[in-house]
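Structure first, then comments.
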Amino acid sequence: MIGIIYFLVIILANSVGAVSGMGGGVIIKPVMDFFHFHDVASISFYSSFAVLVMAMVSTYRQIKYGFEIKWSKMMALAVGAVLGGYLGNFGFYFMKSFYHSDSIVNGIQIILTIITLVAAFLYSYQSKHFAFHSLLSFAICGLALGILASFLGIGGGPINVSLLILMFGMPLKEATIYSICTILFSQLTKVITVGVSTHFIGIDLKMLMYIIPAAVLGGIIGAFLSKQLKTAQVRKVYQVVVLLVITLNMYNGIRFI
């Protein structure tokens, strides 16, 4: 029953996440927190793994649909995201060992997630942006996004899209695709780091039998919808999902107090 619930949650979350550029984890993490079937470390890993698989599938499908990725910029983002993914995961486990309390760690994640969600939602209503072009600026952006994605266990979330638009003036649909690519590298780093450092001890890997196919389907559906929807519709999906996730995180936060 737990596996089936995770399966359904991940298909829906990753479909929406691939369309909006959020990555799905921003929905998966709070929903799994709500059900609380597993501890915070397992939930963070499941969320990251689901988002990683979705990002791989979605990136492949976007390229197949004809989207032209500027690889120099993508690799600069990727280098930053890989380092950020490592630092974010290190920070998560340091905080976990420091507090010795899942409730405190989860509470901190929830608060930081709500802050980033509110900032991203407010920014979606205005169009001011910088126009950075250097590869260093892309690497710094990837670093910041990788840290947040890995530390919060949400795979990047709406802050990715907002920061890409703010720093580089990307059109919304282009920003969502680069966001997914960035998420791919940050979450790949996190999954590898968790495997090397913990050998997955304490994590029920049988859940991956449900998570992997759900993540693949979500990536396929999301990439298809992204191609079909207009920019205004993508923005609306983005804003509605952000509001729903803010509400769910606030509920989870109150519950953990």
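Under the 4.5 Å side-chain criterion, counting only non-hydrogen atoms from C-beta, Leu248 is not in contact with Asp33. For the pair Val216 and Val53, the minimum side-chain heavy-atom distance is below 4.5 Å. Inter-residue side-chain proximity for Gln109 and Val40 is flagged as met; some heavy-atom pair is nearer than 4.5 Å. For the pair Phe49 and Leu208, the minimum side-chain heavy-atom distance is below 4.5 Å. Residues Phe138 and Phe168 have side chains in contact (heavy-atom distance under 4.5 Å, counting atoms from C-beta outward). Side-chain contact between Gln233 and Gln228: absent, with no pair of heavy atoms (C-beta onward) separated by less than 4.5 Å. Side-chain atoms of Val118 and Ile114, non-hydrogen and from C-beta on, do get closer than 4.5 Å to each other. Contact of the Phe185 side chain with the Met74 side chain is registered, since non-hydrogen atoms from C-beta on lie closer than 4.5 Å.
Atom CD1 in Ile115 sits 12.5 Å away from atom CD1 in Ile110 (nearest 0.5 Å). The distance from the CG atom of Asn106 to the CG atom of Asp39 is 10.0 Å, given to the nearest 0.5 Å. Atom CD1 in Ile147 sits 5.0 Å away from atom CG in Leu87 (nearest 0.5 Å). Summarising the geometry, atom CD1 belonging to Ile111 is positioned 12.0 Å from atom OG1 belonging to Thr116; distances are rounded to the nearest 0.5 Å. Between the CD1 atom in Ile220 and the CD1 atom in Ile11 there is a gap of 10.5 Å [rounded to 0.5 Å]. Going from atom CE of Met32 over to atom OG of Ser44 covers 10.5 Å, rounded to the nearest 0.5 Å.
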For side chain to side chain contact (heavy atoms under 4.5 Å, CB included), just list the numbers for Cys141 and Leu77, CA-CA rounded to whole Å, side-chain angles, deciding distance to a tenth of an Å, and then say yes or no.
CA-CA 7 Å; Cys141 179; Leu77 279 169; 4.1 Å; yes

Does the pair Val16 and Ile27 meet the rule for a side chain to side chain contact (heavy atoms under 4.5 Å, CB included), with working shown?
CA-CA 9 Å; Val16 174; Ile27 303 171; 4.1 Å; yes

Verdict with reasoning, Val194 to Ile203, per side chain to side chain contact (heavy atoms under 4.5 Å, CB included)
CA-CA 10 Å; Val194 170; Ile203 297 174; 4.2 Å; yes

For a side chain to side chain contact (heavy atoms under 4.5 Å, CB included) check, start with the C-alpha distance between Tyr251 and Thr247, then their side-chain angles and the critical distance, and finish with the verdict.
CA-CA 6 Å; Tyr251 174 79; Thr247 303; 5.8 Å; no

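In this structure, Phe7 places its CZ atom where more than 12 heavy-atom neighbours from other residues, nucleotides or ligands lie under 6.0 Å away. Phe90 CZ: 12 or fewer foreign heavy atoms inside a 6.0 Å radius. By the neighbour-count criterion of 12 heavy atoms within 6.0 Å, atom CE of Met95 is densely surrounded, having more than that number from other residues, nucleotides or ligands. The neighbour count for Phe37 CZ, taken as heavy atoms of other residues, nucleotides or ligands under 6.0 Å away, is above 12.
Linking Ile, Leu, Val, Met, Phe, Trp and Tyr whenever their side-chain heavy atoms come within less than 4.5 Å puts Val9 and Phe34 in one cluster. By the criterion of side-chain heavy atoms lying less than 4.5 angstrom apart, applied directly or through intervening Ile, Leu, Val, Met, Phe, Trp or Tyr residues, Leu163 is grouped together with Leu112 in one hydrophobic cluster. Under the 4.5 Å side-chain heavy-atom criterion for grouping Ile, Leu, Val, Met, Phe, Trp and Tyr, Phe132 is connected to Ile165 within one hydrophobic cluster. No chain of hydrophobic side-chain contacts below 4.5 Å, direct or via other Ile, Leu, Val, Met, Phe, Trp or Tyr residues, connects Val196 to Tyr86.
The side-chain tip of Lys190 points at the ring of Phe92 from less than 6.0 angstrom away and within 45° of straight on.
Ser48 and Lys29 share no donor-acceptor pair across their side chains, judged by distance under 3.5 Å alone.
The salt bridge (charged side-chain N to carboxylate O under 4.0 Å, His left out) pairs that include a residue from residues 45-55 number zero, where partners must be two or more places apart or lie in different chains. For residues 196-210, every residue pair satisfying the salt bridge (charged side-chain N to carboxylate O under 4.0 Å, His left out) rule, not counting sequence neighbours, is listed here: Asp204-Lys206.
The minimum heavy-atom distance linking Leu184 with Met56 is given by the pair CD1-CA, 3.6 Å. Between Thr189 and Thr193, the shortest heavy-atom distance links the atoms O-OG1, 2.7 Å. When all heavy atoms are compared, the tightest approach of Leu145 to Asn160 is CD2-OD1, 3.4 Å. Taking every heavy atom of both residues into account, Ile28 and Ala50 meet most closely at CD1-CB, 3.9 Å.
The hydrophobic cluster containing Phe94, built from Ile/Leu/Val/Met/Phe/Trp/Tyr side-chain heavy atoms closer than 4.5 Å, comprises no other residue. Through direct or indirect side-chain contacts shorter than 4.5 Å among Ile, Leu, Val, Met, Phe, Trp and Tyr, Leu136 is connected to Ile140.
Between the Ser179 side chain and the Ala175 main chain, no donor and acceptor come within less than 3.5 Å of each other. Looking only at distances, no side-chain donor or acceptor of Tyr210 sits under 3.5 Å from a matching main-chain atom of Ile5. Using a distance-only test at 3.5 Å, with no hydrogens or angles considered, no donor-acceptor pair links the side chain of Ser42 to the main chain of His38. Between the side chain of Ser47 and the backbone N or O of Ile43 there is no donor-acceptor pair closer than 3.5 Å.
Aromatic ring centroids of Tyr6 and Phe35 lie 6.0 Å or more apart. In this structure, Phe200 has its ring center closer than 6.0 angstrom to the ring center of Phe45.
For the side chain to side chain donor-acceptor pair (under 3.5 Å) test, residues two or more places apart in sequence or in another chain that qualify with Ser134 are Ser137. Taking Lys96 as the reference, Asp102 meet the salt bridge (Lys or Arg N to Asp or Glu O under 4.0 Å) condition, with sequence neighbours excluded.
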